[in-house]
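Just so we're on the same page: letters track the sequence lines, and every chain starts at 1.
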Amino acid sequence: MLPKAYEPKEVEQKISNLWKEKQVFKAKIDETKKPYVIVIPPPNITGVLHMGHGLNNTLQDTLVRFHRMNGECANWVPGTDHGGIATQNVIEKKLAKEQHLSRHDLGREKFVQTVWDWYKECGNAIYNQFERMGWALDQSNIRFTMDEARAKSVYASFKNLWDKKYIYRGKRMINWCVRCSTALSDIEVEHDQQNGKLWHLHYKLEDGSDGIIIATTRPETIFADSAIAVNPKDERYKNMVGKKVLIPLINRAIPIIVDEAVELDFGTGALKITPAHDPVDYEVGKRHNLEIISVISDKGKMINLPEKYLGMDRDECRKQTIKDLDAAGLLVKEEKYNHAVSTCYRCNSAIEPYLSEQWFVKMDELAAKALKAVENEEVKFYPANWKAPVMNWLKNIQDWCISRQIWWGHRIPVWYCRHCSKDGLTFTTDKQGKEQLAKVSFENGAKPIISHDKPLCPICGSSDTIQDPDVLDTWFSSALWPMSVFGWPEQTKDLKYYYPTSILVTGYEIIYLWVARMIMMGLEFEGKVPFSEVMLNGIVRDKDGQKMSKSKGNVVDPLDLTQKYGADAVRFSLISQSVLGKDIPYGENSIIGARNFCNKIYNASRFIQMNSEGIEGPLELPAKPKELCDRWIISRYNHAVKQAADELKKYNMAAAADTLYHFLWGDFCDWYIELAKARFNTADKKEVISILINILYGTLKALHPMMPFITEEIAMSLKKYIKNSKEFLIEEDYPVFNPALEDKQAEEEMALLQGVTGQIRTIRAQFNVPPGLKIKVLLSTADTKDLAVLQKYQNYIFAMAKLEAAQMGANLPKPKQTATGVYGTVTVYIPLEGLIDFDKEKARLDKELAIIQNGINNRKRMLDNKNFVNNAPKQQVEKAKAELEEMLLRAQQIKAAKEDLN
RNA sequence: GGGCAGUUGGCGCAGUGGUAGCGCGUCCGCCUCACACGCGGAAGGUCACAGGUUCGAACCCUGUACUGCCCACCA
């Protein structure tokens, strides 16, 4: 005997192994078919997958399976991302915790090797998770952004962009993370509103007289001030311009200058200019040729200032400076001030604007092409409201800082000859005593040699060449992903067949970091957008809508949930809540319904199979069933699968899931199976079983893209009954709408029977008729058609409403001690001697009547309105008329029943 | 400062012009021989607010409020 409840664990393991063994997901080029290609947004190898990956990949899997079942040549390309800074941070933390070592203790080579070792471990865990979630990725060919083929792509694109002079090196004010000790691009910086303070400081004139008061949020940078600036239009300070003031605490004299960048009405209207530590000030400094003084090191420590502050942390120095300013009587005012603070998107610490030499990609031309493509909708966003922000971003784009001062990543493919570039290179010695190239300066004579492998110096022929110490932004390799996965720049068969891909499915939070850049690179290198559609999923949040994070302790682990409820339940619950571009609040409760649905599917199947024993397959859906409920369920099924397919095509995943859920649970289980039960002992049995099995099998096919395991498991046990079934559901055709199976009449007739049944059930429940007690009813209708249906299919009502006997006819008189229900033209009288509570019945009828009366009033108002009758579509007018008629009839019947109670 | 979302029964959400649905929860009755992860029934909403367009608005337009997010060099 099969267990009563579905046990996903073993089933999923078994099915998963089977898929793997039979290589069901292996991509094979088939020129006769249209390719359907998705490249996975490669997860970072920073740890196991989280709920966001669960959602994102489940959506992709659903699409991939769906399209494959629609006859397309599907290829879903798996892989992972080396994850630059994020991964380096993870490994550094791990090293510190487990071995109390820093990366510098290991040295660059060993550290990088450590991360590679980690990749093997973490990558495998991720690939294993892919399998456990049932994602139809072709895992025979896994890509990693750091593997050799992808490294070649990175080199090729760097070389290409360098030759076009799009890549350059320059001294710029960039975003520097003192914790990660690296430059970041503009979009890797987050801006958090924080409660800070605005300090008003007094800068006295050289002669010790009044001077000027400035407002700043960063008093610790006063030591690096080069000037005080005011707006040229500012009358208040006119007489001071050109004079010099003294920096508090150190009494260095700096000039008062004018610059447009200063706002008249902010603070005091006077701005301290610190070119080394603020991007605006840097620009001002350039305009006025001001001295650049750095007082904060790349590690965030104070340098180049009085000994008292030397070596202090930024924050510590700020506190001390304020204290000292206050003591010196130069702190005029301290006010609360809410302002944006830049933070690192990887480690959250405050960003320092930092002047340094970095590598950049010139963006204007790349972005212009992408802008055009987005504007023309060569790339279409779902939901569409992302088009404008993307265009806006592309229009206002800044050059992309691509160098990172970390060790884990694609090392910049630029080399220097130690002889010819001698003056531009700075070396240090690491803890192993090894000489390391620390800094490169083109200004001082470093000459670049672009090369993937260690080159000979093209000038002096020396083999003593050394590679640039920086690595590339991790997004540089990601930008190439849709091409690099197919071996670009080689014009491989795969690239030709699979590129451009069909759709990108990703989260809206990386549109700029990733999506926009892929579009630019795709256009630049292959002349084609990498995907014509972008489907955006939301962020999976906790049940209260908060972002999940380890520090908050509100993380829901997909592995735990999968273990507990099954992968199908996790998948279905995510899909059911996934509306394009919208975040999903997800708690454990979210999954219960999906788990219950799995169980429902399982039990319905179990029941059908129990009753199929001894019946030989194959069983086909009868072409022309004569029984009403057979015609009905086939028609309903036909509509349900069509609607599901239509919704999937529009990327309304939740709507598709909802449709199939309600068809299977409502129509199929609650009505069809219930009605079928009585027929198992009749000559109909084989036909009923045929229908049950075929509709079930078809519904499993329709559900398969969303819940692959349970559908596969059940389908396998049904194969013996199914004609021309394939070994796996993914190889089957997705059910299609068949107009011949549509049966409007059957649907109408069933609706009447269901409605009447509903009336009887309600009354039974209201008057506490014992569930086991079979009752007699009277069904009265003046409508001959309805009457005929009731009479012909009275057995349906008998079974579903537990009747013992029924009297049917036109205008039957209402017996005494009777409860009344009305559905359409039909009045239901239920004699309930001893059970009926007249007051309760009256109240019930009153309420019913009030609702109908409201409806009647509405329709009357509409139909009395000439504008409605003249302007509204005929269909609507007819509908209102019909509804009015029906309501009037019902009202009349209820009124009669009520009067009779008195 | 600019932009984008959201505001629908206790909770979480669907619903883009014809008078509101789903899941969970609640209440009542059932262990009915597939399923109590179940079955049958019920209660519960002036669709944030104010105007406007329309014969008709949860849906379109304008404005307001609140919430969230993104972008932006007022220190």
inquiry  = For nucleotides 11-17 of chain B, give me one character per nucleotide, 5' to 3': B if any protein heavy atom sits under 4.0 Å from the base, S if the only such contacts are to the sugar-phosphate, - if neither.
reply    = -SSS---

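A:Lys802 has no side-chain polar atom (N or O) that falls below the 4.0 Å cut-off from OP1 or OP2 of B:rG29. Contact annotation: A:Trp665 side-chain N/O to B:rC39 OP1/OP2 distance is under 4.0 Å. When the side-chain nitrogen and oxygen atoms of A:Arg595 are compared with OP1 and OP2 of B:rC37, none of them lie within a distance under 4.0 Å. A sub-4.0 Å separation between OP1 or OP2 of B:rG44 and a side-chain N or O of A:Lys847 is present. In terms of phosphate contacts, A:Asn871 brings a side-chain nitrogen or oxygen within less than 4.0 Å of OP1 or OP2 of B:rC55.
For A:Lys564 and A:Thr562, the side-chain atoms include no donor-acceptor pair closer than 3.5 Å. Between A:Thr757 and A:Gln754, the side chains place no donor N or O within less than 3.5 Å of an acceptor N or O (distance only, hydrogens not considered). Using modelled atom types, one finds no donor on one side chain facing an acceptor on the other under 3.5 Å when comparing A:Tyr823 with A:Gln759. Inspection of the A:Thr221 and A:Lys272 side chains reveals an N or O donor paired with an N or O acceptor under 3.5 Å. Side-chain contact annotation: A:Asn175 with A:Asp186, donor-acceptor N/O pair under 3.5 Å present.
When heavy atoms are screened at a 4.0 angstrom cut-off, A:Tyr337 is found touching the sugar-phosphate backbone but no base atom. Contact annotation for A:Pro353: no contact, since no heavy-atom pair falls under 4.0 Å across all strands.
Evaluation of atom-type donor-acceptor distances gives a pair under 3.5 Å for the side chain of A:Lys677 against the base of B:rA34. Evaluation of atom-type donor-acceptor distances gives no pair under 3.5 Å for the side chain of A:Lys4 against the base of B:rC35.
In this structure, B:rU67 forms a base pair with B:rA5, meeting either the Watson-Crick or the G-U wobble geometry with both donor-acceptor distances under 3.5 Å.
Annotation: side chain of A:Val390 is in contact with side chain of A:Phe381 (closest heavy-atom distance under 4.5 Å).
Once rounded to the nearest 0.5 Å, the distance linking CG of A:Leu55 with CD1 of A:Ile584 reads 4.5 Å.
Atom C1' of B:rA50 sits at a distance of 31 Å from the matching atom of B:rC71, rounded to the whole Å. When the P atom is used for both B:rC61 and B:rG18, the distance is 16 Å, rounded to whole Å.
Between the CG atom of A:Leu394 and the C1' atom of B:rC71 there is a distance of 13 Å, given to the nearest Å. In this structure, A:Asn858 places its CG atom 11 Å from C1' of B:rG56, rounding to the nearest Å.
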